[in-house]
Number of protein chains: 2
Amino acid sequence: MTHPLALPMAVPEKGLPARVRIHEVGARDGLQNEKGTVPTQVKAEFIRRLADAGLTTIEATSFVHPKWVPQLADAEELFPQIAGLPVDLPVLVPNERGLDRALALKATRVAVFASASESFAKANLNRTMDAALAMFAPVVTRAKEAGVHVRGYLSMCFGDPWEGPVPVPQVVDVCRTLLDMGCDELSLGDTIGVATPGHVRALLTELTGHGVPLELLGVHFHDTYGQALANTYAALQHGVTTVDASAGGLGGCPYAKSATGNLATEDLVWMLRGLGIDTGVDLERLVATSVWMAGQLGRPSPSRTVRALSHKEQ
Amino acid sequence: MTHPLALPMAVPEKGLPARVRIHEVGARDGLQNEKGTVPTQVKAEFIRRLADAGLTTIEATSFVHPKWVPQLADAEELFPQIAGLPVDLPVLVPNERGLDRALALKATRVAVFASASESFAKANLNRTMDAALAMFAPVVTRAKEAGVHVRGYLSMCFGDPWEGPVPVPQVVDVCRTLLDMGCDELSLGDTIGVATPGHVRALLTELTGHGVPLELLGVHFHDTYGQALANTYAALQHGVTTVDASAGGLGGCPYAKSATGNLATEDLVWMLRGLGIDTGVDLERLVATSVWMAGQLGRPSPSRTVRALSHKEQ
């Protein structure tokens, strides 16, 4: 009886990018933050389905020590199963040992994980910010020598749970250091989800003002306070064309206290389609993938778009 | 151990309003869409707490026939208990009978509910759009004669579940009709949550282009696809200063299939504070109110900000 309104009406807005590249983090950042471990075959199938849905950059796994992230301890087993897919498959490498493992499997894209705040560097990396950056330098250098593309994640770009608001100039400094080191792109992370659109605009303005090219910048917002999509819209208005998101909102389970609240790829795609911005993503297939994955995890997806569209199908 | 980051860092953005009036709809639109009926005393306490938290416009109840909205059948009992509060307490009146009931209780603000689409007028009001508008004309006229302020809700301003996208000129026509009738303000509703920011901008541009004063326009977004806050941000950029929201996201329970997904007042206040926009709302008190109300309803609040801040307290 009802109209099959599976897509929003496209009403483009002047000044926004014509195309956005989605950096899909569900299989790595998402599953890393889910309770329990997903079987390797399910992960491989998940990544294949994401590629089928039109995602072209799918962060696949992490070569971190299994002691820290047991959920992704199967990286060596998983990666060869998906390596032939016609998409970019970056992998996280925390240090030189991780890089060795990634290079041994012929990964062509890696990501390192830095912090814009002292407290988080201390808590997450057990180092000062400078020491953490010094640890990454040889990782980036060796990756570049091997012809590997390097993404630099920068966490706590807006607020830090110990220090409060993180000063914009401090974030700019770390960004410059990572680019000088040789990173090919950066992802600006709002790890605790406290950013608001004016803050996003201020950071991006300062970065471009300091000569950081916009095309090297991606944004990575968390929905802890419901701000992720509004912040993304502000970033698009500033000209950012790379946005991180997690299929089905994986890793941001709203039923858990520890919810980090990843921006759901489907909610992002809904907005981008409405804005007439090309992503190459087939929303219907993506929703079907997230519904399938929710079934594997045994709980509903926290993505509002997934819930709305999958309820329609029932 | 962690920093008490109960508020975002305020980073104002040029061109945005200095102050926004929140039209709080939780006690009416919210409770109307919740399963089960809340005791009158709890409703009165809820409204008192909302006023204590700094909300100045609190839609209190609806004088609709109890057959249609049994959740609000206690309007006559509730309204006198809260009428003395130093805030605006609009009430919904569907027709002249409802207006009579509201006037008998000395309500000073009423709201009527019109549709921007034929199908929804038919489904919700069992009338054509024109017939529905004709029904409201005497309600508005008599309310104005009694010195009562009239808000006109306009539902389905962006999409309709039967017709699909609703043409912008059609929405502009109905807005003009409601204003010509004597409505003091309008609330543009995205009843099924399909709007995206460019669409919002297009509708507002067309409305102001046709001489509708911005200060008469409020926006009422639903979070069905996660777009409500991004759409609100677009409306603020256009100069809108009245935003509808529901404390704790009441009426938008994410666990129900029928979720309409009201924008949570807390998520809105978080963004507005981050943008340095004054609302007069004490976020801590508001969160405490929504946590208390969630306890009354026996289920957690769907507001991300409520969840994040109340988990911190535990």
Side-chain angles (χ1 to χ4, degrees), chain A residues 1-5 8-13 16 119 158-166 192-202 223-230 232-234 254-255 257 259 261 264 266-268 270-276 300 302-305 307-309 311 314, chain B residues 1-5 8-13 16 119 158-166 192-202 223-230 232-234 254-255 257 259 261 264 266-268 270-276 300 302-305 307-309 311 314:
Chain A
M1 188 177 83
T2 57
H3 187 274
L5 197 68
M9 181 166 150
V11 187
E13 179 179 323
L16 295 190
S119 303
F158 299 91
D160 171 285
W162 297 274
E163 299 174 21
V166 174
I192 57 170
V194 296
T196 45
H199 198 166
V200 172
R201 198 174 292 273
D223 220 15
T224 321
Y225 298 88
Q227 312 293 309
L229 206 54
T232 301
Y233 178 51
Y255 315 107
K257 278 199 185 187
E266 291 84 355
D267 297 9
L268 171 64
W270 184 279
M271 183 176 80
L272 294 175
R273 289 205 72 132
L275 289 165
S303 160
R304 295 184 191 258
T305 299
R307 281 202 305 262
L309 291 179
H311 288 162
Q314 286 163 4
Chain B
M1 186 177 83
T2 58
H3 187 274
L5 196 68
M9 181 167 151
V11 187
E13 178 178 324
L16 294 190
S119 303
F158 298 91
D160 172 285
W162 297 274
E163 299 173 22
V166 174
I192 57 170
V194 296
T196 45
H199 198 166
V200 172
R201 197 174 293 273
D223 221 13
T224 321
Y225 298 88
Q227 312 293 309
L229 206 55
T232 301
Y233 177 52
Y255 316 107
K257 279 199 183 187
E266 291 85 354
D267 298 8
L268 171 64
W270 184 278
M271 183 176 80
L272 294 175
R273 290 205 72 133
L275 289 166
S303 160
R304 295 185 191 258
T305 299
R307 281 202 304 262
L309 291 179
H311 288 162
Q314 286 165 3

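Proteins get letters first, then strands, A, B, ... in listed order; numbering begins at 1 in each. This one's a predicted model, so the numbers in the text were calculated from it and none came from an experiment. Values below: every heavy atom of this structure, side chains too, minus hydrogens, waters and symmetry copies.
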Worksheet item: How many angstroms lie between CH2 in B/Trp270 and OG1 in A/Thr224, if you round to the nearest 0.5 Å?
Response: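 Nearest 0.5 Å value for the CH2-OG1 distance: 9.0 Å.
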Discussion item. To the closest 0.5 Å, what do you measure between OG1 (B/Thr196) and OH (A/Tyr233)?
Written reply: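 Separation between the atoms: 9.0 Å.
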Worksheet item: Distance-only, no hydrogens or angles: does the A/Gln227 side chain make a donor-acceptor pair with backbone N or O of B/Asp267 under 3.5 Å?
Response: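 Confirmed, A/Gln227 side chain pairs with B/Asp267 backbone.
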Worksheet item: Which one, B/Pro197, B/Ala228, B/Ser119, B/Ala230, leads in non-hydrogen pairs under 4.5 Å with chain A?
Response: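 The candidate making the most pairs under 4.5 Å is B/Pro197.
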Worksheet item: If every non-hydrogen atom of B/Pro165 is compared with every non-hydrogen atom of A/Met9, which pair is closest and at what distance?
Response: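 Closest pair (atom of B/Pro165, atom of A/Met9, distance): CB-SD, 3.0 Å.
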Worksheet item: Is chain B contacted by the side chain of A/Ala264, its backbone, both, or neither, given a heavy-atom distance below 4.5 Å?
Response: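 For A/Ala264, there is no contact with chain B at all, as no heavy atom is under 4.5 Å.
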Discussion item. So for B/Ala10, is it side chain, backbone, both, or neither that comes closer than 4.5 Å to the heavy atoms of chain A?
Written reply: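 The answer is neither part of B/Ala10.
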